[in-house]
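Just below is one structure, and these are the notes that go with it.
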Number of protein chains: 2
Amino acid sequence: MKLEAAFGLSRYMSQPDCNDSMSGSRRGEGSLTRIKCQGCAVRTASLCSEVSDECANAIGRAFHRRRVPAGQVIYSSDQKNKIFAVVISGVVKLTNVRPDGRQQIVGLQFPAEFVGRPYSGTSNLLAEAASNLELCCFSGDAFEAIMRRYPELEGALLKRTLDSLDNAREWMFMLGRKTAHERVASLIYMIAERLTHPGNRKEPMETCRFESPLSRTEMADCLGLRLETVSRQLALLKAKGVLASSRNRTFDVRSMSELRRWSESPVE
Amino acid sequence: MKLEAAFGLSRYMSQPDCNDSMSGSRRGEGSLTRIKCQGCAVRTASLCSEVSDECANAIGRAFHRRRVPAGQVIYSSDQKNKIFAVVISGVVKLTNVRPDGRQQIVGLQFPAEFVGRPYSGTSNLLAEAASNLELCCFSGDAFEAIMRRYPELEGALLKRTLDSLDNAREWMFMLGRKTAHERVASLIYMIAERLTHPGNRKEPMETCRFESPLSRTEMADCLGLRLETVSRQLALLKAKGVLASSRNRTFDVRSMSELRRWSESPVE
DNA sequence: CGACATTTTGAGAAGGGTCAACGAAAGTGG
DNA sequence: CCACTTTCGTTGACCCTTCTCAAAATGTCG
């Protein structure tokens, strides 16, 4: 998986792109965007839903869809040309990697979320496909041109960035103050919530089942733990009956409320 | 680039407060803002410097200055009316506090930085004065009205929020992956850099001295450690000659480059 | 089936937490 | 001015959670 990442963007660039054929058209049509974006799974939840028709049209003219296989790099710190994207399906992981090999996953971007770092050439982070992805991509130039022309887009981005910041700060509490047991429970709860309730419904289901986008190593990199510790804590959660023992990446949550409880109480 | 970087904090502190008396005046004058904000120590580095004159005028009409003694709460999760502010001098700490008593400091806001959470009633965080403060305050209503009227302000806020997010993610790496020794070195390095180089000049001085805005307990809450551990690691840094042994909150950095080295190497 | 990657499990070590005592500085009140 | 208290920081001893290293088990894919 790491080996694929070494291929860099070349592989990624050659993905078949089902929308390229439409990029020739020009201005004056709300209908084009409607057609291009009509089937979009995240349409009502993404950035695009918050801006004016005119801006949405500009966006509709600029994007192209891409499929990205799990493990592939979307952007890295030493990349020349910027890229922006909205996640249509799958999960993107943002990793802070150091020369000495240590790494920390500092963000997971789920469907409808935005990926990319405006206003800065150096992102310092590595963005990789945690699972197979569908992305709605924009070249740096195109996106920034739209941003300059439609400041409202900055407002929409601001809302999302503030949410990301809230999430990051919540995660900081986990990294600084929670026990290993709480951390693992927190992560599974968070992923379960996000994967099974893409819109933020009030009450999550009491039981659910999903495929984790993360390996044990990746879970450990999220949680500031070693993979052995993650494995042991998962065994504990299974022993408690909070998780059913399903194999590998399939998680079978038997009680979301219990899981939530374990994600917040330090005592055994 | 940023010439005001040469100002120390002492300079910030000693600015005369020429603005309190002027909040009655009304519209139509670019000169009013110029007068009200003229002596502002962070003027060229804060939000206000990035927006149009017209927007800056609106801001100039809406703010009021406030002095806040160390320890005072600026806003908390259960607060009814929102507040926004730009830090003029001093440091604001943002803390994630839990019912069980555990807490994690998730942000430090230095002069010229923005404090407040637009677009959300519930901030979930506690904002407190870590040191004595001078703030340039806005009521929630006033600020949001200006934001609605001048979308460019959202753009300026977006840039700052993205920077905060980068900082938060850098901090997440520290919390997840650094040793106690690296953490303490990182914190001191960061505070030294920010306090003694308000603008981001390239190379920090090799030695410096400053008053920490944080107690040992607060340092521990920043770092995800216990205060005893912080104390021991400080003793170690003193033994290595990176810090001179000065009392309590006065830090005397003998070698910023060494400090930086210790903040990134896990060994010893 | 065989080669390889991923996950689980085990045993021992250690980093940091916990508890406790002590010291230094600052405020209080006589 | 000096006891007294209070707050804050330091230091020590011990212990527990998590890390480290190692090996076995399980899963995956040709």
Side-chain angles (χ1 to χ4, degrees), chain A residues 1-6 69-71 100-104 130-131 174-185 187-188 211-239 243 245-251 262 265-268, chain B residues 69-71 100-104 130-131 174-188 211-239 243 245-252 262 265-268:
Chain A
M1 200 157 279
K2 299 286 184 196
L3 301 176
E4 291 171 338
D100 64 9
R102 289 186 283 183
Q103 54 184 64
Q104 173 69 43
S131 60
M174 187 224 69
L175 291 170
R177 293 305 184 192
K178 287 191 183 177
T179 65
H181 195 249
E182 292 172 290
R183 293 185 198 205
V184 172
L187 180 62
I188 298 175
E211 291 292 304
S212 169
L214 305 178
S215 67
R216 294 290 181 273
T217 306
E218 289 171 321
M219 291 179 68
D221 283 340
C222 262
L223 299 171
L225 298 171
R226 303 274 104 177
L227 62 94
E228 297 94 326
T229 305
V230 172
S231 185
R232 278 185 251 267
Q233 297 302 334
L234 283 173
L236 249 173
L237 285 170
K238 284 172 193 167
L243 298 180
S245 46
S246 31
R247 273 273 141 253
N248 278 345
R249 291 198 174 196
T250 307
F251 285 82
W262 287 118
S265 78
V267 284
E268 177 89 10
Chain B
D100 64 9
R102 290 186 283 183
Q103 54 184 66
Q104 173 69 42
S131 59
M174 188 225 69
L175 290 170
R177 293 306 184 192
K178 286 192 182 176
T179 65
H181 195 250
E182 293 172 289
R183 292 184 199 206
V184 172
S186 299
L187 180 62
I188 298 174
E211 291 290 304
S212 168
L214 305 178
S215 67
R216 294 291 180 272
T217 305
E218 288 170 321
M219 292 179 67
D221 282 340
C222 261
L223 299 170
L225 298 172
R226 304 273 107 175
L227 62 94
E228 295 94 327
T229 305
V230 172
S231 185
R232 277 184 252 266
Q233 297 302 333
L234 283 173
L236 248 174
L237 284 170
K238 284 173 192 167
L243 298 179
S245 45
S246 31
R247 269 273 142 248
N248 280 343
R249 292 198 173 194
T250 308
F251 285 82
D252 198 340
W262 288 121
S265 79
V267 285
E268 182 135 3

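Within every chain, numbering begins at 1; the chains are lettered A, B, ... in the order of the sequence lines, protein sequences first and strands thereafter.
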Compare every heavy atom of Asn248(A) with every heavy atom of Arg216(A), then report the nearest pair and how far apart it is. NH2-O, 3.2 Å

Tell me the interatomic distance from Leu236(B), atom CG, to dT11(D), atom P, rounded to whole angstroms. 11 Å

Assess the side chains of Glu228(B) and Ser231(B): does a donor N or O sit below 3.5 Å from an acceptor N or O? no

Which atom pair, heavy atoms only, marks the closest approach of Phe251(A) to Ser212(A)? CE1-CB, 3.4 Å

At what angle, to 10 degrees, do the two end axes of the helix from dC1(C)-dG30(D) to dG30(C)-dC1(D) meet, given five pairs define each axis? 40°

Which atoms of nucleotides 18-23 of chain C (N or O only) lie under 3.5 Å from a protein N or O atom, and what are those distances?
from	atom 1	to	atom 2	distance (Å)
dT18(C)	OP2	Arg226(B)	NE	3.2
dT18(C)	OP2	Arg226(B)	NH1	2.8
dT18(C)	O4	Arg232(B)	NH2	3.0
dC19(C)	N4	Glu228(B)	OE2	3.1

Can you name the closest pair of heavy atoms from Ala130(A) and Ala70(A) and give their distance? O-CB, 3.9 Å

The single option from Leu214(B), Val230(B), Val184(B) passing side-chain contact (heavy atoms from CB on, under 4.5 Å) against Cys222(B): Leu214(B)

Taking the side chain as every heavy atom from C-beta outward, state whether Pro266(A) and Glu182(A) have any pair of such atoms under 4.5 Å apart. yes

On DNA chain C, more 5' by nearest nucleotide between Lys178(B) and Ala235(A) is Ala235(A)

Just by modelled atom types, is the Arg177(A) backbone N or O under 3.5 Å from a matching donor or acceptor in the Arg102(B) side chain? yes

Do His181(A) and Leu237(A) make a side-chain contact, defined as non-hydrogen atoms from C-beta onward lying under 4.5 Å apart? yes

Starting from C1' on dG16(C), measure out to CG on Leu175(A) and report it in whole angstrom. 17 Å

At their closest point, which heavy atom of Thr250(B) faces which heavy atom of Glu211(B), and how far apart are they? OG1-OE2, 2.5 Å

Grab the CD-P distance between Glu211(B) and dA25(C) for me, whole Å please. 14 Å

Answer yes or no: is there a side-chain heavy-atom contact under 4.5 Å between Gln104(A) and Asp221(A)? no

Let me know the distance between CZ of Arg177(A) and P of dT17(D), rounded to the nearest Å. 17 Å

note: Leu223(B), atom CG; dG15(C), atom P; distance rounded to Å ~ 18 Å

Euclidean distance, atom CD of residue Gln233(A) to atom P of dT17(D) [Å, nearest integer]: 10 Å

I'd like a table of atom pairs between the protein and nucleotides 5-9 of chain D - only N or O on both sides, under 3.5 Å - with the distance next to each one.
from	atom 1	to	atom 2	distance (Å)
dG9(D)	OP1	Arg216(B)	N	3.4
dG9(D)	OP2	Arg216(B)	N	3.3

Rounded to whole Å, the CZ-C1' distance (Arg183(B) to dG16(C)) equals 10 Å

Report yes if some heavy atom in the side chain of Arg183(B) is under 4.5 Å from a heavy atom in the side chain of Leu175(B); otherwise report no. yes

CG of Leu237(B) versus P of dT10(D): gap in Å, rounded? 12 Å

